[in-house]
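Notes for the one structure printed next.
Letters A, B, ... mirror the listed sequences (proteins, then strands); counts begin at 1.
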Amino acid sequence: MRLKAQKLCIDRGGRRIVEGADFDLSDGQALIVAGPNGAGKSTLLRAIAGLLPIAAGALDLDGEAEDIASVLHYIGHAEGMKPALSVGENLAFWGAFLARDGKRGRSPADALGAFGLAHVLDIPAGYLSAGQKRRAALARLLVAPRPIWLLDEPTTALDVRSQGALGQVMAEHRAGGGMIMAATHSPLGLEGAGELRLGIAA
Amino acid sequence: MLRYANPSFVLRFVKPAIPICAGLTAILLAVGLYLVFFVAPADYQQGETVRIMYIHVPAAWLGMFAYMVMSSAALGTLVWRHPVADAAQKSAAPLGAMFTFVCLVTGSLWGKPMWGTYWVWDARLTSMLVLLLIYLALIALWQTIEEPQRAAKAAAVMTLVGLVNIPIIKFSVDWWNTLHQPASVFTTSGPAIYSSMLWPLLIMAVGATFLFLTLHMMSIRNEILRRRLDRLTHLAVAAGEARGTASFEPAR
Amino acid sequence: MSGPLSSLVRREIAIARRIGGGGSMGVVFLLVLVTIVPFAIGPDLNLLRRIGPAILWIASLLAMLLGLDRLFQADWEDGSLDQLQLGATPLEAVVFVKCLAHWATTALPLVVAAPLMGLLMAQEPESMLGIGVSLLVGSPAMTFIGAVGAAATVSLRRGGLLMALLVLPLCIPALIFGVSAANAAAGGTVPFLTPLAVLAALTLASGALCPFAAAALLRRLGE
Amino acid sequence: MNNPHTTFIVASYAITAVAVLGTIAAIMLDYRRLRRALEKLGAPVDQRADEG
């Protein structure tokens with residue numbers, strides 16, 4: 001599987017945020033999207049996920065430009081958890097909803113265990129701290145198998161131990177042929193990762 | 001007084017008090033119902049339907065009594081900011097709403113033979129309907145605000161604002177009622193109360209009051225346990241973190 | 001195996017039940033509106049009997065709109081709206097399912113409560129039945145049309161008020177045929193089924209079209 | 001006592017009974033649910049567990 005972008009231009013709020021971004025990602029590879037705040041890291045990831053319109057340029061997956069969104073995970077700043085439902089119920093829902101042609105990923109308990117959250121399976125998501133909510137959102141990566149991972153500053157609110165767990169999960173994903181694009185400031189320990197530097201559009 | 005009002009003391013005090021109250025309620029209501037159906041005379045005008053009075057009138061009194069309890073608990077919340085007062089306030093609202101609803105339904109059924117329809121916008125019944133709306137609004141307020149302290153304070157202030165407004169509402173509804181000369185003049189106070197009717201009514205009223213007290217204590221206990229459960233869940237989530245190192249299963 | 005849409009229905013119902021406020025709040029709002037009218041117009045039963053169906057329909061419409069502005073707002077706030085666009089199922093189907101779940105948890109209680117409140121308006125049993133049936137048939141239309149308004153105003157400050165302004169004019173046909181159906185049931189020249197059939201057509205049409213409009217508004221919403 | 005008014009008397013007592021018994025049942029069910037949840041979290045219900 002190969003995700004290619006040529007001269008991507010993305011507008012947001014009426015302003016040109018991303019100008020001429022190029023990248024080429026295939027199985028097992030990782031790409032760090034770097035740049036100062038406001039350089040459009042989040043904007044780029046949201047556009048790839050189909051959550052923002054692409055102003056110009058081309059984005060295709062193995063030559064196809066259609067429904068790229070259904071083969072990727074997008075972990076943004078909001079965790080997508082309903083406070084009234086338990087963490088397990090939330091993840092079970094996303095596992096069923098984001099499943100591709102019926103293929104289910106790991107069980108919510110298993111996915112939460114990978115991020116040290118096994119103890120909150122039956123606790124309403126509203127009780128979780130910011131760091132826990134972040135890890136619960138990351139657990140979504142495991143409940144529905146999807147090859148491309150778009151991670152927007154995944155390490156915010158994570159302690160060192162959780163960052164280690166994330167590193168391990170990402171390494172396994174790449175070993176299994178998955179691809180990762182991560183917008184981040186802190187080093188993620190993704191060895192052999194390419195870098196896409198976004199400057200402030202002149 | 002404060003030292004005695006902490007939740008754990010209330011839980012221990014309530015444990016024996018509930019069965020006693022429940023027993024008293026059962027006895028009083030049993031005696032009352034017996035008197036109502038087998039001793040009290042029928043009314044020369046309304047005939048048998050006057051027997052509805054024996055639940056309609058106590059329900060009305062309890063609807064208002066519950067609001068008084070809620071208002072004093074609201075004072076407890078605002079003045080002493082005490083969790084037990086919050087619990088007492090929150091648990092009184094559904095009970096007050098229930099009694100007011102019963103008062104309205106029985107009033108409507110009692111009036112049907114006289115009015116020909118189930119509802120006439122009679123001054124007293126309409127005021128009780130407005131009281132029910134106030135109760136339902138306060139219950140909705142409790143359901144909407146998650147954070148306990150804020151919910152308690154908001155409900156307390158609204159309850160007291162409501163308390164001040166109830167007499168004003170009563171007065172304006174009466175004025176509205178007389179202004180429009182309703183189709184048929186009918187007062188639900190019913191016939192003059194003879195002593196043979198008074199006793200059953202008083203016994204039923206006291207029985208209903210004990211019913212309210214029993215249910216109120218049970219509800220307060222529930223609220224205290226609910227808050228304790230909420231706190232312990234937070235602790236469990238945090239505790240899980242502390243011993244988290246052990247629970248990081250290697251990602252298989 | 002629970003497919004994506006059936007799990008979405010289960011999630012929506014579970015949330016509504018867990019929070020519990022949604023349905024009952026609408027009914028209480030309906031009761032408040034119905035109670036206020038006689039205070040303004042006066043307790044004259046004959047007058048109230050005539051305008052009963054209209055008051056109950058207007059109050060139900062407003063109560064339904066009250067619950068609708070949270071339809072997408074909650075999902076937008078906690079990030080679910082993004083994830084719902086990543087699923088294999090089209091966003092239109094997601095919107096349709098959310099509308100049905102919202103209708104079941106918010107509109108159905110109103111459809112049951114409104115006829116009972118007909119008692120306050122001195123309604124005869126046939127008229128109460130007419131109100132119930134016409135609301136049952138017409139309420140989905142209002143939910144679907146309201147969903148478009150909710151999608152248009154998600155993430156906006158004071159979105160609820162703006163949504164009501166957008167949606168109320170669009171609900172006028174449903175209101176007209178709904179009230180005439182209810183009045184027809186209470187006795188009158190118009191046969192009951194004629195306005196009801198038009199109302200059913202409105203519901204089916206809005207059910208078919210509105211999810212596309214709402215999905216178009218929600219897709220690529222961006223911040 | 002089976003004159004036409006009986007239905008109204010029976011109806012009002014029946015509705016009152018439903019309302020009262022429903023409230024009692026709701027409170028008791030809530031109590032049982034809370035006890036079970038607390039025991040699951042390992043907190044004995046009556047023991048002086050908090051500072052009040």
Just give me the residue among B:V130, B:L132, B:L136 that pairs up with chain C most often, heavy atom to heavy atom, under 4.5 Å.
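With the most close heavy-atom pairs to chain C, the winner is B:L136.
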Any donor-acceptor N or O pair under 3.5 Å, side chains B:E223, B:S91
no
Between B:D230 and B:R226, does at least one N-O distance fall below 4.0 Å, as a salt bridge requires?
no
Taking C:T35, C:V27, C:L31 one by one, which has the highest count of heavy-atom pairs under 4.5 Å against chain B?
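Going by pairs under 4.5 Å, I would pick C:T35.
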Please classify the contact between C:I19 and chain B as side chain, backbone, both or neither, with a heavy-atom cut-off of under 4.5 Å.
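Contact with chain B: none, neither part.
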Using the ring of each side chain (for Trp, its six-membered ring), is C:F39 parallel, tilted or perpendicular to B:W121, with breaks at 30° and 60°?
perpendicular
Using a 4.5 Å cut-off on heavy atoms from C-beta on, say whether the side chain of C:V97 contacts that of C:E12.
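No, side chains not in contact.
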